[in-house]
Amino acid sequence: MNTGPARGMRDFLPEDVRRRQFVIGVIADVYQKYGFEPLETPSVENLETLQGKYGEEGDRLIFKILKRGEGAETGQADLALRYDLTVPLARVVAEYRSKLPKFFKRYQVQPVWRADRPQKGRFREFYQCDVDAIGSTSMTVEAELLSAAADVFVALGFTDFQIVINHRKLLNAVLAHAGVPAELHGPALVIMDKADKIGIDGVRTELSERGLAPNVAETLLEQLNGTPPADLDAWMTAQSAVLNDDGKAGIAELQQVFTLCKSTSAGPHLVLDRSLARGLSYYTGPIFEIRVADLAGSMGGGGRYDRLIGMFSGEHIPASGISLGLERILVVMGERKMFPESAVSAPAEVMVVQWFANRTALYLEFATELRRAGVRVELYPESPSDDGKKVGERQFKYAAARGIPFVAVIGGDELANGTVAIRNMKTGEQQSVPRANLVEILRHG
RNA sequence: GUGGAUGUAGCUCAGGGGUAGAGCUCCGGACUGUGGCUCCGGCUGUCGCGGGUUCGAAUCCCGUCAUCCACCCCA
């Protein structure tokens, strides 16, 4: 029997869970500081809720659930595991609109599932940490979302991350201006997006394979590639003059985001990337991605989706959001050894040794006394008579292996004069103290 | 869906036709109020699974499964 978890799924042992909870805690704290409220939705959605929202590739990766009963025979599916947290949010907004505030700001940290092939930092079950703001077309929303994301990474100890931004309307305008036929917009963007991986020549080759005329391809390359201009604002204004109305609108919004972000923690990290496209089909405005040099994929991404909620309710409600990839943050933090001591804390502050056989009640009472005083206490679960082994050695060894910093012993001497022997497992120092003073000494040394 | 690498002890890995090894872990002892250091002794394997070649396969061949990595796409 294979005892490993299913492909792309993982078990989280106590040390893993502590790290995950540490990062999730930081994220939730930051989001709450911005007034975002928590939301949870079911793991399973009706299949029709998810289908047709993510684009062709996304639809293919949805984990479907077979119909119960007779349906199982036919292989038909009517339910599916959620693919992201954005579409379920759109469904919730469409359903509960009248109960939700005019501007609904929510954060959500839950697992999502994708029938993808696992890879570094990529799993079939993984947590996303989403923040979204519903109900406003103002770029204030984007500035706050990016600022909150930047606060998260700073709080976790990152200094070298980039927040890359682009705009769907600008992209469409640039494609139109270069002479790319509408039906090739999608493929052309995908190819442009790979520039950092396959190089300029690779992009040139792939564009011509797709049937783009060489001069169109060259125009595109000039437009979308190369380092951002030194005077970004002047460049954007100049571009705006050349492009269609969509392009003008996109550039105006990007300029606003850059201006607004100057007064937030996102400012120093914000970079324009003219080739950033993003795969999900529901984006309509600014799009963003958070990157760090040592990871091929992104640590987070998002964008504005003003027409997604309308797919459920018929009424278009503007919305924008960003999703952080918990697993990828953990992968990078693990490689860089960025977890503070507090994130990998020991299971208990003190372990109580069972010195005498058949005196478990005494030790349990002692442990209870400490716990009532707020100390995290582990009681060694076996008394010496249980296995006939040497009393001290294995208990101390166990405490050391578990990384418990203090061991408390009540042996013959201690029992006689009402004291406790307390040993610091790190330094090896040991002292006998009155039992009543133990908590005080643990707290203040 | 495509390509590559790797599957041998609980863990990390060596061995590439003649019946299985090291280090660490674990257990016991040196050391019967106390871990870490040192020394001595000991346990552990369908060599991923199925088939083929061979007198003989962990080793060579075919298939298969799993894991990791890359592509696609994405968090």
Side-chain angles (χ1 to χ4, degrees), chain A residues 1-10 23 27 54-62 83-86 109-130 149 186-187 189-191 193-194 197-198 202 206 276-281 287-292 295-303 321-332 351 353-356 380 384 387-416 421-430 432:
Chain A
M1 197 66 184
N2 172 26
T3 55
R7 156 177 290 199
M9 313 279 174
R10 289 156 307 151
V23 174
I27 291 171
Y54 304 107
E56 200 181 319
E57 181 73 9
D59 273 5
R60 209 169 56 77
L61 297 178
I62 294 173
Y83 180 89
D84 71 355
L85 302 178
T86 306
V109 179
Q110 283 194 284
V112 302
W113 291 267
R114 293 182 190 179
D116 219 345
R117 193 124 152 194
Q119 217 185 110
K120 183 176 180 183
R122 167 186 290 179
F123 309 95
R124 287 181 152 186
E125 176 181 59
F126 62 97
Y127 275 66
Q128 288 194 325
C129 314
D130 279 37
L189 284 180
V190 168
I191 295 166
D193 201 36
K194 290 196 280 186
K197 284 177 195 160
I198 61 178
E206 289 202 22
L276 176 70
R278 298 195 51 78
L280 297 180
S281 55
I287 48 180
F288 8 88
E289 217 165 88
I290 295 165
R291 295 184 190 154
V292 89
L295 194 74
S298 65
M299 303 235 284
I322 190 159
S323 175
L324 305 185
L326 178 66
E327 321 302 335
R328 291 182 174 177
I329 292 172
L330 287 162
V331 164
V332 175
M351 191 189 87
V353 166
Q354 295 210 48
W355 193 262
F356 297 116
Y380 192 83
D387 58 11
K389 293 282 160 49
K390 277 193 348 194
V391 173
E393 189 168 326
R394 60 170 38 209
Q395 298 198 41
F396 275 81
K397 222 171 169 175
Y398 178 79
R402 296 213 69 192
I404 297 172
F406 290 97
V407 171
V409 180
I410 299 179
D413 297 347
E414 290 79 11
L415 205 51
I422 183 80
R423 182 179 183 85
N424 181 327
M425 296 298 280
K426 221 166 194 168
T427 64
E429 286 172 64
Q430 185 167 323
S432 278

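Because the structure is predicted, anything quoted here is derived from the model rather than measured. Below, chain A is the first sequence line, B the second, and so on; all start at residue 1.
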Check this for me: does the side-chain of A:Arg423 come within 3.5 Å of the base of B:G35 through a donor and an acceptor? yes

Quick one: label A:Gly4 by what it contacts on the DNA or RNA (base, sugar-phosphate, nothing), any heavy atom closer than 4.0 Å. nothing

Any strand: nucleotide that pairs with B:U64 via Watson-Crick or wobble, under 3.5 Å: B:G48

Taking a pair as Watson-Crick or G-U wobble with both distances under 3.5 Å, which nucleotide is matched to B:C27? B:G41

Select one nucleotide: of B:C72, B:G35, B:G33, the one nearest the side-chain heavy atoms of A:Arg122. B:C72

Measuring only the P atom in each nucleotide, how far is B:C47 from B:G7? A whole number of Å is fine. 15 Å

Please state the P separation for the pair B:U6 and B:G48 - nearest whole angstrom. 13 Å

What is the distance, rounded to the nearest whole Å, between atom CG of A:Asp413 and atom C1' of B:U34? 13 Å

Compare the minimum distances between each of B:C72, B:U34, B:A66 and the side chain of A:Arg7, then state the nucleotide with the smallest one. B:A66

Working to the nearest 0.5 angstrom, can you tell me the gap between A:Leu326 CG and A:Ile27 CD1? 6.0 Å

Can you confirm whether A:Lys426 sits close enough to A:Pro405 that some side-chain heavy atom of one is under 4.5 Å from a side-chain heavy atom of the other? no

When the P atoms of B:C73 and B:G16 are considered, how many whole Å apart are they? 43 Å

A:Asn424 CG to B:G35 C1': how many Å, rounded? 12 Å

In Watson-Crick or G-U wobble terms, both distances under 3.5 Å, what is the partner of B:G18? B:C55

Base, sugar-phosphate, or nothing: which does A:Val407 touch, judged by heavy atoms less than 4.0 Å apart? nothing

P gap between B:G56 and B:G51, integer Å: 15 Å

Rounded to the nearest angstrom, tell me the gap between atom CZ in A:Phe396 and atom P in B:G35. 8 Å

Show your reasoning for whether side chain to side chain contact (heavy atoms under 4.5 Å, CB included) applies to A:Phe396 and A:Val409. CA-CA 10 Å; A:Phe396 275 81; A:Val409 180; 3.7 Å; yes

Which residue lies more 5' along RNA chain B, comparing A:Glu327 with A:Ala6 via nearest heavy atoms: A:Ala6

Indicate, with a heavy-atom threshold strictly under 4.0 Å, whether A:Arg278 touches base, sugar-phosphate, or nothing. sugar-phosphate

Measure from CZ on A:Phe356 to C1' on B:G33 and round the result to the nearest Å. 9 Å

Within the structure provided, determine whether A:Met351 and A:Met425 are in side-chain contact (heavy-atom separation under 4.5 Å). no

Quick one: look up who B:C72 pairs with, Watson-Crick or G-U, both distances under 3.5 Å, and put none if it's unpaired. none

Under 3.5 Å, which protein N or O atoms sit close to an N or O of nucleotides 39-47 of chain B? Give each pair with its distance.
none

Here the distance between atom P of B:G29 and atom NZ of A:Lys397, to the nearest Å, is 10 Å

Under 4.0 Å, heavy atoms only, any strand: does A:Gly121 hit a base, just the sugar-phosphate, or nothing? base

With respect to the side chain of A:Arg114, which nucleotide from B:A75, B:G35, B:C68 is positioned closest? B:A75

Just say parallel, tilted or perpendicular for the rings of A:Tyr83 and A:Tyr54, cut-offs at 30° and 60°. tilted

Could you check which of B:G33, B:C68, B:A75 has an atom nearest any side-chain atom of A:Ser298? B:A75

Record whether the side chain of A:Arg117 comes under 3.5 Å of the base of B:U2 through a donor-acceptor pair of N or O atoms. yes

For the P atoms, the ones on B:G4 and on B:U44, what distance do you get once it is rounded to whole angstrom? 40 Å

Take A:Trp113 and A:Met9 through the test side chain to side chain contact (heavy atoms under 4.5 Å, CB included) and record every step on the way to the result. CA-CA 10 Å; A:Trp113 291 267; A:Met9 313 279 174; 4.1 Å; yes

Distance between P atoms of B:U12 and B:C60 (Å, rounded): 22 Å

Check every strand shown and say whether A:Gly300 touches a base, only sugar-phosphate, or nothing at a heavy-atom separation below 4.0 Å. sugar-phosphate

Could you tell me whether A:Asp84 contacts a base, only the sugar-phosphate backbone, or nothing, with contacts defined as non-hydrogen atoms closer than 4.0 Å? nothing

Report the residue from A:Thr86, A:Asp130, A:Ile290 that forms a side-chain contact (heavy atoms from CB on, under 4.5 Å) with A:Ile322. A:Ile290

Answer yes or no: does a side-chain N or O of A:Gln395 lie under 4.0 Å from OP1 or OP2 of B:U34? no

Which part of the nucleic acid does A:Tyr398 contact within heavy-atom distance under 4.0 Å: base, sugar-phosphate only, or nothing? nothing

Short side-chain to backbone donor-acceptor contact, A:Arg328 and A:Gly121, under 3.5 Å: yes

If we ignore hydrogens and angles and just use 3.5 Å, is the side chain of A:Gln395 paired with the main-chain N or O of A:Gly392 as donor and acceptor? no

Can you see if the side chain of A:Arg394 gets near the phosphate of B:G28 - specifically, an N or O under 4.0 Å from OP1 or OP2? yes

Need to verify one output field. Residue with the more 5' nearest nucleotide on RNA chain B, A:Thr427 or A:Leu61? A:Thr427

Between B:G41 and B:C31, how many Å separate the two C1' atoms, rounded to a whole number? 16 Å

Using O4'-C1'-N9-C4 for purines and O4'-C1'-N1-C2 for pyrimidines, with syn meaning within 90° of 0, is B:G16 syn or anti? syn

Report yes or no: does A:Arg124 contribute a side-chain atom to a donor-acceptor pair with the main-chain N or O of A:Pro118 at less than 3.5 Å? no

At 4.0 Å (heavy atoms only), tell me whether A:Glu414 reaches a base, stays on the sugar-phosphate, or touches nothing. base

For nucleotides B:G35 and B:U25, find the distance between their C1' atoms and express it as a whole number of Å. 16 Å

Measure CZ/A:Arg60 against C1'/B:C72 and give the value in whole Å, please. 8 Å

Quickly work out the A:Asp116 CG to B:U2 C1' distance and round it to whole Å. 13 Å

So do the side chains of A:Leu276 and A:Arg291 get within less than 4.5 Å of each other, counting heavy atoms only? yes

Value in whole Å for how far the C1' atom of B:G35 lies from CE of A:Met351: 10 Å

If you compare every side-chain N and O of A:Gln119 against the phosphate oxygens of B:A70 (OP1, OP2), does one of them come in below 4.0 Å? yes

